[in-house]
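Quick notes on the structure that follows.
In this chain, numbering begins with 1 at the start of the sequence shown.
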Amino acid sequence: MSEDANKAGADQLLIQLEPEWERRNWCNWLGCSEKDLEHAVTYVGHDPDNVRRFLRQAR
């Protein structure tokens with residue numbers, strides 16, 4: 001059971017593109033458009049640190 005709890009906690013730290021409100025929250029937090037967020041997640045995955053770095057390099 002502890003493995004399930006750890007897995008659920010780790011999922012909360014990842015960028016999720018659905019539902020829409022969560023995608024909007026990530027866009028606001030990262031200061032990017034939804035299109036840019038989707039592009040970044042496609043290339044570097046759902047880790048917020050990697051997405052943030054990718055978005056900085058793209059500017």
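From Asn25, atom CG reaches atom CD of Gln16 across 12.5 Å, with rounding to the nearest 0.5 Å. A distance of 8.5 Å separates CZ of Arg24 from CG of Asn28, quoted to the nearest 0.5 Å. We find the CD-SG distance between Glu22 and Cys27 to be 11.0 Å, quoted to the nearest 0.5 Å.
Within the structure, every pair that satisfies the salt bridge (Lys or Arg N to Asp or Glu O under 4.0 Å) test and touches residues 25-37, not counting sequence neighbours, is listed here: Arg23-Glu34.
Residues Pro48 and Trp26 are in side-chain contact: their nearest non-hydrogen atoms beyond the backbone lie under 4.5 Å apart.
Closest non-hydrogen pair, His46 versus Val41, comes out as CE1-CG1, 3.4 Å.
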Under 3.5 Å, sequence neighbours excluded: what are the donor-acceptor pairs made by side chains of residues 51-59?
{"unit_1": "Arg52", "atom_1": "NH1", "unit_2": "Asp49", "atom_2": "OD1", "d": "2.9"}
{"unit_1": "Arg53", "atom_1": "NH1", "unit_2": "Asn50", "atom_2": "OD1", "d": "2.8"}
{"unit_1": "Arg59", "atom_1": "NH2", "unit_2": "Gly31", "atom_2": "O", "d": "2.9"}

